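Reminder, nothing fancy here: chain letters follow the sequence lines and each chain counts from 1. As the structure is a computational prediction, the values presented were derived from the model and not from experiment.
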Amino acid sequence: MLIAGDTLYAGFSDPVFDSQRSFRAVLEATSHPGRIIDVGTPIGAPPPLHPATAAICLALVDFETPVWIQAATDANTHAIENATEHAAESLSQFLRFHCSSPLAADPALAAFAVIHAPAHMPPLTAFSAGLSDYPDRSTTLLIQVDGLSTGRRVQLSGPGIKHTQQLAPSGIPERFWTEWRDNGALFPRGVDVLLICGSDIAALPRTTRVEMTCT
Amino acid sequence: MNSPDHAAQVVGVHADDSAPAGAAGTTSVQRKGMAVTAQGYNFAYLDEQTKRMIRRAILKAVAIPGYQVPFGSREMPLPYGWGTGGIQVTAAIIGPDDILKVIDQGSDDTTNAVNIRRFFAATTGVATTERTTDASIIQTRHRIPETPLAEGQVLVYQVPIPEPLRWLEPSETETRRMHALEEYGLMHVKLYEDIAHYGHIATTYDYPVRVNGRYLMRPSPIPKFDNPKMDMNPALQLFGAGREKRIYAVPPYTQVESLDFEDHPFEIQTWDECCEFCGSKDSFLDEIVTDDAGGRMFVCSDSDYCGQRRAGQAHGGDAAAAQQSQQSPNVPGVPGVSDTPAAQPAETASS
Ligand SMILES: [Zn+2]
């Protein structure tokens, strides 16, 4: 158990089944990009970590996967307020304690990246897009947003989507969508993204094409 | 098939020796929800660190359709050739609420299918079924079920050789480079040599496909009859190669095209006959030699599909009566032959 402030943050109450359930939620989300999936494993998470972010980290992150945490090691931290700096510290404690994961100083060396203030996140090109003969060696970004259905609507298509899929994340900067189009052009290289709000997630694997729609 | 006795023995240690025959499954079901089974293994046999590693590989495989993700394969209590890649994929995804179906060449009753089903019943306690429509996970060797799959189902293929370019280029470094550069001309040349030699493309199994217009992929040794089922399938398709340590995937609703030529379009196998048991003209048929005098008949390779059709015919389409047994028959047999209407158990599924 981890003490952050006055609060105790346990890991999964049942590591085997909670990990399996969290993984299946991520698998379902990745198989159906843009579809909102409830990760559904109740877990305490140190702010600003959302419950789904904590569950996904516990399910997928370990000593083999360097994690980059926004602000803790970001050169642009001066742009972010002190509270965020503190948040990054409790977050990295949580990951080190529960997942034994090494922290990546350079986002380009991270298997996972945890982003809690997307307005200030580095461009997608700062992360690893993998190699052309090993495109799987790329960063998976866990981006916490303010909502998944309350922001500007985008229309998604690609593998996993029968016709089209709508998604309306809020709190993601406009530049993200331009960077996402460039990310798609790198295929088969590229980063993969999980958008997270509370216990809900929606996946944007690198194959997903995004069109901005009029509201 | 190689060394079935050895495999049966190894699996038997976990499935049979620890409990009286037939009791292992029941005990496990009662223990559903426990992380450690009666046999003392972690849920689904694999340790949690291995599962995490395989799960990460599966997620990257889904994100890069048709691309072979390397993973650190673990020793399994079955020899290679018995589907260790598929078993590891199933073990990494399966949870207590899943319902598992295992088929080998379309049949639930072969030694291979029965052993794998028992392995998971013993190490997870999950419910098993022979009905394609009831299963949430279907592990398969060499077939895609005839019954269309639905969204939410996962089809796990056992893959002996994952690399489609292997016979043309032995070097892994070189085949990776060819995939990276989308350099697939050699494969077309190989297929065209077939046409020059035989007048048609002679490849009938493990027929190469392009996934989402990009990666060239081996679908595992399914008949090319099954290739069109992969295209835009609502189910998630996962492929595990144990010996070569590769996982790849076709997400739901993803384009899968069989390679062909304008003047020689891709065609699936057809039969003049229909199934001796159910009369199907649309299913993949196995030819069975019935006597020494050269007698033969054709029967569905997919035993659940054939059984459902026969049950529907016998009971005038009564859906309840069409339910098949959940328990696997004790006698592993030749697909179709052991599966005659008289031998078919008529219990009601309890899922
Ligand atoms: Zn039939």
Side-chain angles (χ1 to χ4, degrees), chain A residues 12 14-33 35 56-65 99-101 111-112 130-140 157-163 165 187-194 203-208, chain B residues 33-36 42-44 48-49 51-72 92-98 151-152 154 172-182 211-212 214-215 232 234-238 247 249-255:
Chain A
F12 285 138
D14 189 331
V16 171
F17 293 122
D18 290 346
S19 296
Q20 189 272 340
R21 207 169 296 125
S22 304
F23 160 71
R24 278 293 274 276
V26 178
L27 180 61
E28 187 184 354
T30 309
S31 301
H32 300 281
R35 195 177 285 185
I56 292 167
C57 287
L58 292 177
L60 294 173
V61 168
D62 59 27
F63 66 93
E64 293 184 327
T65 53
C99 310
S100 327
S101 66
F112 291 90
L131 307 167
S132 60
D133 46 355
Y134 289 96
D136 55 305
R137 297 180 185 171
S138 59
T139 309
T140 301
S157 59
I161 300 170
K162 193 175 184 181
H163 301 296
Q165 170 75 43
F187 192 86
R189 298 170 65 239
V191 300
D192 305 301
V193 165
L194 289 169
L204 295 174
R206 67 193 76 180
T207 48
T208 302
Chain B
M34 293 184 62
V36 178
N42 194 28
F43 182 82
E48 292 304 297
Q49 203 274 321
K51 285 183 194 166
R52 271 195 302 275
M53 176 262 298
I54 295 175
R55 286 166 180 168
R56 291 193 296 260
I58 290 171
L59 292 173
K60 285 299 176 190
V62 176
I64 318 168
Y67 164 75
Q68 301 163 51
V69 182
F71 77 107
I93 66 174
I94 199 164
D97 299 331
D98 277 308
E151 219 180 79
V154 185
E172 172 72 11
T173 312
E174 193 55 25
T175 52
R176 286 211 165 252
R177 194 192 60 82
M178 291 162 76
H179 283 295
L181 300 174
E182 220 173 329
V211 180
N212 196 34
R214 181 56 178 82
Y215 277 99
M232 298 303 282
L236 170 63
Q237 302 173 74
L238 300 176
I247 288 171
V250 175
Y253 308 117
T254 299
Q255 194 185 60

Side-chain donor/acceptor of Arg56(B) to backbone N/O of Leu60(A), under 3.5 Å: yes
Have a look at Gln20(A) and tell me which of Ile94(B), Asp98(B), Ile93(B) forms a side-chain contact (heavy atoms from CB on, under 4.5 Å) with it. Asp98(B)
Out of Pro159(A), Pro205(A), Gly190(A), return the one with the most heavy atom pairs under 4.5 angstrom to chain B. Pro159(A)
For Glu151(B), is it the side chain, the backbone, both, or neither that has a heavy atom closer than 4.5 Å to a heavy atom of chain A? side chain
Spatial distance of atom OH (Tyr134(A)) from atom CD1 (Ile64(B)) [nearest 0.5 Å]: 12.5 Å
Can you check whether Lys60(B) reaches Arg206(A) side chain to side chain, under 4.5 Å on heavy atoms? yes
When rounded to the nearest 0.5 angstrom, what is the spacing between CG in Leu59(B) and CD1 in Ile56(A)? 9.5 Å
Sequence neighbours left out, what passes side-chain contact (heavy atoms from CB on, under 4.5 Å) with Ser132(A)? Give chain and number order. Arg189(A), Ala180(B)
Would you say that Glu48(B) contacts Ser19(A) through its side chain, given a criterion of any heavy-atom pair below 4.5 Å between the two side chains? yes
With sequence neighbours left out, write down each residue that passes ring-ring contact (aromatic ring centres under 6.0 Å, His included) with Phe23(A), or none if nothing qualifies. none
Over all heavy atoms of both residues, which pair between Ala63(B) and Asp192(A) is shortest? Give the atoms and the distance, please. CB-OD1, 3.5 Å
Drop me the distance from His32(A)'s NE2 to Tyr253(B)'s OH, to the nearest 0.5 angstrom. 6.5 Å
Least distance between heavy atoms, Asp136(A) atom then Tyr67(B) atom: OD1-OH, 2.5 Å
Is the closest side-chain heavy-atom distance between Arg52(B) and Glu64(A) below 4.5 Å? no
Roughly how far, to the nearest 0.5 Å, is the CG atom of Leu238(B) from the CG atom of Leu27(A)? 6.5 Å
What residue, out of Pro234(B), Gly95(B), Pro252(B), Ala57(B), has the most heavy-atom pairs lying under 4.5 Å from chain A? Pro252(B)
Using side-chain heavy atoms (C-beta onward) and a distance below 4.5 Å, is Arg214(B) in contact with Thr207(A)? no
pair Asp133(A)-Arg177(B): side-chain heavy atoms closer than 4.5 Å: no
Ignoring hydrogens, what is the shortest heavy-atom contact between Gly160(A) and Pro251(B)? Give both atom names and the distance. N-CB, 4.2 Å
For chain B, the option from Thr30(A), Leu131(A), Thr208(A) that forms the most heavy-atom pairs under 4.5 Å: Thr30(A)
Interatomic spacing from CD1 in Ile58(B) to CZ in Arg24(A) - rounded to 0.5 Å: 9.5 Å
